[in-house]
Amino acid sequence: MKRKSTFSVLFFLRTDQPKKNGEVAIRVRITIDSLTSTFNTNLFVQPADWNKKTAKAVVNRKRNNTEVVSRINRSLESLRVKIRQLYDRYCHEQGFALPEDIKNSILGTEEKKKTVSFYCNEYITLKSKKVGISLGDKAFHRYEVTRDRFFEYIKLRYKKTDLYLKDLTPDMIDGFYMFFRQYYNIKHNTALKYMQRFESILTFTKNKGEVFSDPFVSFQYRYEKVDRDFLVLEEIETLMEKSFKTKRLAQVRDIFVFSCFTGLAYTDLESLSMQHIKTSFDGTLWIDKKRVKTGVDSKIKLMDIPRSILEKYIGKKIEKEDLENPSDKKVLPVITNQKMNEYLEEIATICGINKELTCHTARHTFATLCLTMGTPIESVSKMLGHTSISTTQIYARVIDRKLSHDMSKLEQALRGKNIVNVYK
């Protein structure tokens with residue numbers, strides 16, 4: 001979305017350098033936001049023949065200057081129109097206008113340089129075409145936020161509304177990172193994600209053929225290791241068996257448990273409809289949908305527990321005709337992510353679970369639960385809709401129970417070989 005700007009054109013006299021005949025130069029000042037640019041119009045007028053309020057030349061009958069005044073005012077109006085046209089052109093082409101660019105264009109010294117804003121908007125326009133195909137709405141919005149935060153930052157620190165690519169410096173990038181941390185109280189890893197998006201815009205810019213020094217040359221991406229909470233099966237059972245007095249808590253609990261057994265992220269839960277429920281080759285029901293965040297296919301078998309939850313909110317058992325003519329109506333009463341996480345915090349307290357419960361906790365629980373029960377990581381990755389195993393490994397923490405299970409299998413295999421009796 002284009003940022004709003006204030007725009008004005010002012011004609012005024014420069015009275016400190018009059019010509020021998022008393023005439024003074026008429027100058028023009030272009031103001032856009034807090035930026036200004038001033039230059040001569042190459043027009044001159046007697047100070048007495050100028051109206052400051054209207055910023056126009058006025059007729060002086062004693063000097064019989066009607067024709068001169070008319071010529072000056074026509075020229076000023078023509079210049080005003082040209083300035084306005086240039087302003088509109090720049091705003092249309094690159095989403096912003098700089099007074100210096102308008103001045104250079106009028107004086108014939110326009111620089112063929114693209115700005116950061118120009119390429120930010122071009123990159124985001126390109127990304128917008130992928131929304132719904134390989135990019136989710138929220139993921140796309142984060143690029144828009146990255147752009148908007150950068151211009152907030154340079155306006156606050158450098159008093160500028162835009163920059164040429166050559167003006168980007170490593171110090172500016174470090175300052176941008178700190179801007180996220182200090183002004184928006186964003187955690188380190190989240191701030192790095194925004195920096196990564198901004199760098200991708202600059203990489204795109206270089207690939208377009210623009211030459212400028214890399215401001216990220218000394219910036220280091222050192223992510224902090226984060227231990228994500230997950231629930232063990234006993235804790236999930238505690239949640240499932242708990243009776244809540246309020247409907248809202250029961251619903252949030254149900255949706256959380258549904259995610260624990262499907263691995264669906266919040267945006268995928270919120271958008272789930274009968275169109276995403278398919279009968280597989282084995283005759284069982286599967287969730288088959290593209291992830292909202294990435295557009296990657298995600299396929300998860302609908303086990304008994306999530307199927308029961310789904311049928312609870314549909315109000316009936318899922319029949320064959322429901323799958324033949326599926327509705328696009330959402331099937332789960334998913335509230336906002338913020339509210340859901342607030343209620344999950346309350347649920348954790350009620351159930352005596354000393355862990356942070358969020359929608360993401362449920363997704364992590366699913367991955368860990370699958371691996372604990374022996375599901376291959378390749379299968380887990382496919383169900384989560386990941387594009388690489390390395391992404392799945394972030395979620396899939398191998399807990400002691402899994403290690404014990406694996407070592408027991410090894411021990412049984414060794415006993416079958418009778419080699420354990422060698423030292424007896």
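Counting from 1, the numbers follow the sequence of the chain as shown.
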(message) Between S273 (side chain only) and K329 (backbone N and O only), is there a donor and an acceptor less than 3.5 Å apart?
(response) no

(message) Within a 6.0 Å radius of atom CG on N51, are there more than 12 heavy atoms belonging to other residues, nucleotides or ligands?
(response) yes

(request) Could you go through the side chain to side chain contact (heavy atoms under 4.5 Å, CB included) check for K330 and E270 one step at a time? (result) CA-CA 7 Å; K330 295 174 183 178; E270 196 272 337; 2.5 Å; yes

(message) Contact between V116 and F150 at the side-chain level, heavy atoms closer than 4.5 Å - yes or no?
(response) yes

(request) Please determine which of D328, D297, D268 meets the salt bridge (charged side-chain N to carboxylate O under 4.0 Å, His left out) test together with K289. (result) D268

(message) Looking only at side-chain N and O atoms, does Y158 offer a donor or acceptor that is under 3.5 Å from a partner on D167?
(response) no

(request) Output yes when D288 and K278 qualify as a salt bridge under the 4.0 Å nitrogen-oxygen rule, no when they do not. (result) no

(request) May I ask you to decide if the ring planes of F198 and F216 are parallel, tilted or perpendicular, using 30° and 60° as cut-offs? (result) tilted

(request) Would you check if the distance from the ring center of F180 to the ring center of F176 is below 6.0 Å? (result) yes

(message) Contact between F256 and L231 at the side-chain level, heavy atoms closer than 4.5 Å - yes or no?
(response) yes

(request) Compute whether any side-chain donor of one residue and acceptor of the other, for S37 and E100, lie under 3.5 angstrom apart. (result) yes

(message) So L168 and S213, do their side chains get closer than 4.5 Å, heavy atoms only?
(response) no

(request) Say whether, by atom type as modelled, one donor and one acceptor occur between the side chain of Q182 and the main chain of F179 under 3.5 angstrom. (result) no

(request) Check whether the side chains of S259 and Y266 place a donor and an acceptor atom closer than 3.5 Å, and report yes or no. (result) no

(message) Donor-acceptor check, side chain of Y153 to backbone of M172, threshold 3.5 angstrom: yes or no?
(response) yes

(message) Atom OH of residue position Y183 - does it have more than 12 heavy atoms of other residues, nucleotides or ligands inside 6.0 Å?
(response) no

(request) Evaluate whether atom NZ of K206 has more than 12 neighbouring non-hydrogen atoms of other residues, nucleotides or ligands under 6.0 angstrom away. (result) yes

(message) Would you say the rings of F366 and F230 are close, in the sense that their centroids are separated by under 6.0 Å?
(response) no

(request) Find out whether L285 and T279 are in side-chain contact, i.e. whether some heavy atom of one side chain is under 4.5 Å from a heavy atom of the other. (result) yes

(message) Looking only at the side chains, is there a donor atom on one of S280 and K299 sitting less than 3.5 Å from an acceptor on the other?
(response) no

(message) Under 4.0 Å between a side-chain nitrogen and a carboxylate oxygen: does that hold for E152 and R149?
(response) yes

(message) Can you see whether N121 engages R147 through a side-chain donor-acceptor pair at a distance of less than 3.5 angstrom?
(response) yes

(message) Please check if the number of heavy atoms outside E345 that lie under 6.0 Å from its CD is greater than 12.
(response) no

(request) Evaluate the ring planes of H188 and Y177, with Trp represented by its six-membered ring, and classify them as parallel (under 30°), tilted (30 to 60°) or perpendicular (over 60°). (result) perpendicular

(message) Between R27 and F12 (side chain of the first, backbone of the second, donor and acceptor by atom type, cut-off under 3.5 Å), is there such a pair?
(response) no

(message) Does this structure show an ion pair linking K187 with E224, if we count only N-O contacts that are shorter than 4.0 Å?
(response) no

(message) Using a 6.0 Å cut-off, check whether atom CG of N207 has over 12 heavy atoms from anything other than its own residue.
(response) yes

(message) Ignoring hydrogens and geometry beyond distance, is a side-chain donor-acceptor pair present between T115 and D162 at under 3.5 Å?
(response) yes

(request) Evaluate whether atom NZ of K355 has more than 12 neighbouring non-hydrogen atoms of other residues, nucleotides or ligands under 6.0 angstrom away. (result) yes

(message) Using 30° and 60° as the class boundaries, would you call the ring planes of Y221 and Y223 parallel, tilted or perpendicular?
(response) parallel

(message) salt bridge (charged side-chain N to carboxylate O under 4.0 Å, His left out) for R157 and D171? Distances and angles first, verdict last.
(response) CA-CA 12 Å; R157 180 170 176 181; D171 178 65; 2.9 Å; yes

(request) Using a 4.5 Å cut-off on heavy atoms from C-beta on, say whether the side chain of D254 contacts that of Y313. (result) yes

(message) Assess whether a salt bridge exists between E311 and R307, defined as any Lys/Arg side-chain N lying under 4.0 Å from an Asp/Glu carboxylate O.
(response) yes

(message) Measuring only between side-chain heavy atoms, which start at C-beta, is R14 closer than 4.5 Å to V24?
(response) no

(request) Decide, yes or no, whether a salt bridge links E77 with K56 under the criterion of side-chain N to carboxylate O below 4.0 Å. (result) no

(message) If the threshold is 4.0 Å, N to carboxylate O, is there a salt bridge linking D101 and K103?
(response) no

(message) For N185, is the CG atom crowded, meaning more than 12 foreign heavy atoms sit under 6.0 Å from it?
(response) no

(request) Could you check if a side-chain atom of F261 sits within less than 4.5 angstrom of a side-chain atom of L369, using non-hydrogen atoms only? (result) yes

(message) Treating T36 as the side-chain partner and I32 as the backbone partner, does any N or O pair qualify as donor plus acceptor under 3.5 Å?
(response) no

(request) Return the minimal non-hydrogen interatomic distance between P376 and L371, and the atom names on each side. (result) C-CD2, 4.4 Å

(request) Answer yes when E346 and R248 have at least one side-chain N-carboxylate O distance shorter than 4.0 Å, and no when they do not. (result) yes

